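Below is one structure, written out as structure tokens; comments come after it.
Just so it is clear: chains get the letters A, B, ... in the order the sequence lines come, proteins before strands, and each one is counted from 1. Keep in mind that what you see is a predicted model, and the values were worked out from it rather than measured.
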Amino acid sequence: MKEYNFTEIEQKWQNNWRAQQVYKVTENPNKPKCYVLSMFPYPSGAGLHVGHPLGYIASDIYARYKRLKGFNVLHPMGYDSFGLPAEQYAIQTGQHPAVTTENNIARYREQLDKIGFSYDWDREVRTSNPEYYKWTQWIFIELYNSWYNPNTDKAEPIDTLAKQFSASGFCGVDDSVLTGGVELDFPPFTAQDWNNFSEEKREEVLSGFRLAYLSEAYVNWCPQLGTVLSNDEVKDGVSERGGYPVERKLMKQWSMRITAYAARLLNDLEGLDWTESLKETQRNWIGKSQGASVHFNVQDKPFDIEVFTTRPDTIFGVSFIAVAPEYEFLPDLLEGDYVDDVMQYVEQAKNRSERDRMADVKRISGAFTGAYAIHPFTGKEVPIWVADYVLAGYGTGAVMGVSAHDSRDFAFAKHFNLPILPVVKIPAEHDLNTASYDAKEGQLTNSDFLNGLDVKDAIKKAIEYIEKGGHGKGKTNFRLRDAIFGRQRYWGEPIPVYYKNGMPQCIPADKLPLVLPEIDKFLPTEDGEPPLARAEKWMWNESKGCVDSEGYPIETTTMPGWAGSSWYFLRYMDPKNNTDFVGQDAVNYWRNVDLYMGGSEHATGHLLYVRFWTKFLYDRGFIPENEPAQKLINQGMIQGRSNFVYRFIWSYMGGNSDVEEFPPLFISSGLIQKIDNPEIQSLIITKANSIIKRFDPKGSLMMIPVLDNPIVKYRSLHVDVNMVNNDILDIKAFMAWREDFKNAEFIFEDGKYICGSEVEKMSKSKHNVVTPDNIVADYGADTLRLYEMFLGPLEQSKPWSTQGIEGVHRFLKKLWRLFYDAEGNVIVTKEAADKKELKSVHKLIKKVGEDIEHFSFNTSVPAFMICVNELMDLKCNKHEILENILICLHPYAPHITEELWATLGHSGSIADAQFPVFNAEYLVEDSFSYPVSINGKHRTNIEFSLNATQAEIEPVVLADELVQKWLEGKTPKKIIFVKGKIINMVV
RNA sequence: GCGCAUGUGGCGUAAUUGGUAGCCGUGCCAGACUUAGGAUCUGGUGCCGAAAGGCGUGGGGGUUCGAGUCCCUCCAUGCGCACCA
């Protein structure tokens, strides 16, 4: 081949790989395994842009490298194909989401194929495929049939709980961990009670423990989307997808008891090789806080209020108790006039949406209940208030107000004139009139038995006393909430449950999948039921064991988007298994993911849920690992770089013609920058007038230059970045872009139209989307792959820019020329390599190997360039050298290396080659040009043998002319000599 | 407010982990080949300065023979969390 024809080469090898099944992988116990996974995409209608493949390319390089290193590499890809956008599109167009999803997947696949990934496509999974979601449903049933045993600290089948109840009853649960309800508050019952309970009663009790359960709870309801959302799908009070307002609504919902795993999800982060910021995000989200729960008796009432506090040491500083508006026992506290007043306040507070509540955090509101609590230690009366700053969902929904040492309590106390009682010594510089003293340090005062203690010790001692006196106990609390699991939507996995006399029953596992029914419209029913209620047949016929038009009603909500993605990494191991979600042989071989690549936006969603399900499946003995991915890398986002043109707004004197009659006039960016300059103004006005003259030869219209009052106005406009090269607008393409631009006029600078630019998110509406397809067409996939890595460290976000892609492309052409001359003759020789050549290539072998092991993919690219440049200079075309370069480069540029590998005479794929072994001997130097510094300032270099000792070099250095000059006749106090590094003299 | 991350030429970045700051690429300047453009190749290019030389890794301070790298402090940008008791 005469020159590097990337299009031909890439197609040839992509076809060859497919035909030869080069990337097919099977379990092979004789080889170490390596599981490399990229987070699978949601196939959106927009297709892939250049940002998507960044992570895919990096993981592909790693996967290919590991294979060259002798690993058996699992590197699959699939689609997270259930989800809201396809359904929203279906609502708008009537197209079945399955159809649009199928089309989108086809487009994704086409784009992915062009980039040359080493995926084993035989293992593809799609979450919307019934063969796949059959097992998602199966896992749901397992979750439903499990409970979390706090004593063994793991999930167990629900029968073990039922057996326990029937054998020894229930004496209250070990609640040393308050997770927001692993157990509902059931009164204790005996074994006999249990055995006498009705079926319904037993079920009610058990449902308080199941890991998948129905409950009435306040949820994030999004009216525009017509569904509830989980906490991670709500950002700043609006839906993450679409940005629609979210309300709080009390609904009966399927939930997942992820809170049972809060402690393990938190603790196990420790051992994971994930970025610190990602782990920190998860820690914040789980939100562990340690403290105590304390019971305050209510005066003249037969019950008490339990509060959670992290500062039990400040208990003597309590000046009020505050409960949430939703507090369960609030009505019981109220008497007389207070009933109406307080309930009115409560109504008002409850109806404020989450967003309103967050919008004015500063506004303090509350109401006195008229009731008093009794301080457990002092016996004093403490007023009980309702306050909306207290959250119903956190802790017990009640707090003890310590206004001197908590800023929120302080603000509340100030507002309602409640006492402020300092119990920790306030430093002199702190003014307790303006702010509370929240720091967890200092000595306790006014606190009886705690006086004189340090805060830390006081906390311990306070808990001791609280427990001794039976007022409460030390507790750990988590911010993490149970995850709402039902969605009032069509395009998701049906929840495999039907209702018999109102009691949920699971569909038998052998009757799965419960297939999504066909419906006429993808909207909720007229009476607000989810779309599935539209299905003609959506009843479970128990005797026939199938969906039917009669029988028991089947659940009409579907699973959320994260259900299918919470276990997909397991299905790739054994995607065609139809008797099990994953076969034991496969899962015991592949175990879990060695390298997981994906965006950090999944930190509190997918990455928490997949850990939860993995731990659950592990507890139940289905899989051997309790974490999905040991190593995780968040690839940075590639932002768009938008380009702008500046359209002149016509405003002229004389006449009343329609503005439309003048052609659109665009002003180059550099002139816009200096628009206030009178010269630029008059330049533009002259041009405008010349255009006006053409349309109005009589000259009744004209732009009037008013130099001290600029009249040039313009509007900036996004222009399609694909018509712009290095900010220079392609005028022809631009004029053809839109009908109304066909007669556009321009004011150039240096004969060019320069566009303005800005970094924004890559999106269609901003006309800044660059697809990999275009890059592949212009430069080839190998250049795209190298260039995306060359952009910088993988984790860093950066705007897309093609500045520099030429350089990477040129490198591949240079590589080609090491193999072929200008006439297309192979010029590779069998000559033995010399020392310089071996040194060059072994430097590369070392660098590339280390870089890939450290996931520093960007730094390898310059190493390749350096090596090829060196070999060019050395005029080296030697087989043994070139062969090693190809193997090193293969993970980055698989097509050209396959082609040249064949050029070298190999018949098999280079993917089956072995990564060359680095030999340090080739890098050994016998001399080194030592930098010589005087007082730390580099002055000269002197060459010495690497064997030279300090004693040997000193006289030579001191005799050096330049050194003499800088020493200015002084004698150095000290000479520092570091072998192979530096010589430094202190004067 | 709290937490995490980042800050180096015109630009993307690199730096053996405490040892010659700026590799490689781009851009720019000069040149070769070419009718021209493109492609290719050669040389130069941190800043100030005519030069000698000085300055230089967000600012200030410190440790050290020596700091982009370690410590303290401040600033800027990005991300996450945020009435979580």
Side-chain angles (χ1 to χ4, degrees), chain A residues 3 235-236 275-285 287-289 291 307-311 314 322 324 357-358 360-364 387-391 393-402 405-409 411-412 438 477-481 600-601 603-604 634 636-637 726 786-787 790-793 795-799 801-811 813-814 817 822 846-847 850 856 858-867 869 872 929-941 972-987:
Chain A
E3 46 186 44
K235 290 246 150 76
D236 302 324
T275 62
E276 201 42 49
S277 68
L278 182 63
K279 291 205 259 187
E280 196 59 29
T281 303
Q282 289 213 345
R283 279 185 206 117
N284 287 340
W285 190 261
K288 179 178 176 171
S289 46
V307 302
F308 175 74
T309 177
T310 55
R311 293 294 301 274
T314 61
R357 238 168 128 156
M358 285 198 303
D360 55 6
V361 161
K362 296 273 139 52
R363 207 181 76 192
I364 293 156
D388 72 347
Y389 82 90
V390 182
L391 303 178
Y394 186 73
T396 59
V399 303
M400 56 183 218
V402 183
H405 303 291
D406 181 286
S407 50
R408 295 149 307 177
D409 297 343
F412 191 80
D438 292 8
N477 206 1
F478 292 95
R479 196 184 76 99
L480 185 70
R481 297 283 72 110
S600 56
E601 67 272 20
T604 52
N634 293 126
M637 228 207 326
N726 291 334
L786 277 164
Y787 183 61
F790 186 60
L791 279 174
E795 282 108 319
Q796 234 166 65
S797 286
K798 52 228 152 193
S801 146
T802 44
Q803 296 235 336
I805 196 166
E806 297 276 354
V808 172
H809 190 62
R810 249 190 298 261
F811 152 73
K813 287 200 219 167
K814 278 189 198 171
R817 287 204 304 273
K846 179 167 189 274
K847 178 81 178 138
E850 285 173 357
S856 166
N858 55 322
T859 47
S860 291
V861 184
F864 289 124
M865 291 176 173
I866 291 167
C867 181
N869 286 346
M872 277 272 175
S929 175
Y930 279 92
V932 180
S933 299
I934 288 142
N935 284 338
K937 279 197 169 58
H938 175 224
R939 295 302 181 188
T940 184
N941 279 50
K973 268 190 228 160
K974 194 173 169 191
I975 299 178
I976 288 121
F977 172 76
V978 184
K979 197 171 230 179
K981 299 268 188 199
I982 203 164
I983 299 164
N984 189 19
M985 274 169 281
V986 190
V987 185

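Relative to the side chain of Lys814(A), the nucleotides C81(B), A39(B), G25(B) differ in distance, and G25(B) lies closest. When each of C4(B), A85(B), C24(B) is scored by its nearest atom to the side-chain atoms of Phe790(A), the top-ranked nucleotide is C24(B). Set against C4(B), A85(B), A82(B), the side chain of Leu391(A) has A85(B) as its closest nucleotide. The Gln803(A) side chain lies nearest to G10(B) when the options are A85(B), G10(B), A14(B). Candidate nucleotides A85(B), U26(B), G12(B) were compared by shortest atom distance to the side chain of Tyr389(A), and A85(B) ranks first. Closest to the side chain of Lys813(A), from the set U40(B), A85(B), C81(B), is U40(B).
Nucleotide G12(B) has C24(B) as its partner under the Watson-Crick or G-U criteria, with both atom distances under 3.5 Å. Nucleotide U64(B) forms no Watson-Crick or G-U wobble pair with any nucleotide shown, as no partner meets the under 3.5 Å limit on both distances. With a 3.5 Å ceiling on both atom-pair distances, the Watson-Crick or G-U wobble partner of C4(B) is G78(B). Taking a pair to require two hydrogen-bonding distances under 3.5 Å in either a Watson-Crick or a G-U wobble arrangement, U40(B) pairs with A32(B).
The aromatic rings of Tyr394(A) and Phe308(A) sit perpendicular to each other, their planes meeting at more than 60°, with 30° as the lower class boundary.
Checking side-chain atoms of Asn984(A) against main-chain N and O of Gly936(A) turns up a donor-acceptor pair under 3.5 Å.
Using a 4.0 Å heavy-atom cutoff across all strands shown, Gln796(A) reaches sugar-phosphate atoms only and no base atom. Residue contacts for Lys979(A): at a heavy-atom cut-off of 4.0 Å it reaches no nucleic acid atom on any strand shown. Residue-level contact check: Asp409(A) touches neither bases nor backbone, having no heavy atom under 4.0 Å from any strand. Across all strands, Lys937(A) comes closer than 4.0 Å only to sugar-phosphate atoms, never to a base (heavy-atom distances). Within 4.0 Å of Arg283(A), counting heavy atoms only, lies no atom of the nucleic acid at all.
Counting heavy atoms from C-beta on, the side chains of Asn941(A) and Val932(A) never come closer than 4.5 Å. A 4.5 Å side-chain heavy-atom check between Arg479(A) and Asn284(A) finds every atom pair outside the cut-off. The closest side-chain heavy-atom distance from Asp409(A) to Tyr389(A) is below 4.5 Å.
Between Arg479(A) and A82(B) there is a side-chain polar atom (N or O) within less than 4.0 angstrom of OP1 or OP2. At U26(B), one or more side-chain N or O atoms of Arg810(A) fall inside 4.0 Å of OP1 or OP2 (strictly under the cut-off). Contact annotation: Arg817(A) reaches the phosphate of C41(B) (side-chain N/O to OP1 or OP2, under 4.0 Å).
For the pair Leu278(A) and Val986(A), both in contact range of RNA chain B, the more 5′-proximal nearest nucleotide belongs to Leu278(A). Toward the 5′ end of RNA chain B lies the nearest nucleotide of Glu280(A), the other residue of the pair Asn284(A) and Glu280(A) mapping further downstream.
Looking at residues two or more places apart in sequence or on another chain, you find a side chain to side chain contact (heavy atoms under 4.5 Å, CB included) between Pro793(A) and Gln796(A), Asn858(A). In terms of the side chain to side chain contact (heavy atoms under 4.5 Å, CB included) criterion, residue partners of Glu806(A) (sequence neighbours excluded) are, by chain and number, Tyr779(A), Arg810(A).
With its glycosidic angle more than 90° from 0, G25(B) adopts the anti conformation. Glycosidic conformation at U17(B) (O4'-C1'-N9-C4 for purines, O4'-C1'-N1-C2 for pyrimidines): syn, within 90° of 0.
G22(B) and U16(B) have their P atoms separated by 13 Å, with the value rounded to a whole Å.
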Detail all sub-3.5 Å separations between protein N/O atoms and N/O atoms belonging to nucleotides 17-21 of chain B.
unit_1, atom_1, unit_2, atom_2, d
U20(B), N3, Asn941(A), ND2, 3.3

**Message:** Using side-chain contact (heavy atoms from CB on, under 4.5 Å), reason through Glu601(A) and Met637(A) one step at a time and then give a plain yes or no.
**Reply:** CA-CA 10 Å; Glu601(A) 67 272 20; Met637(A) 228 207 326; over 6 Å; no

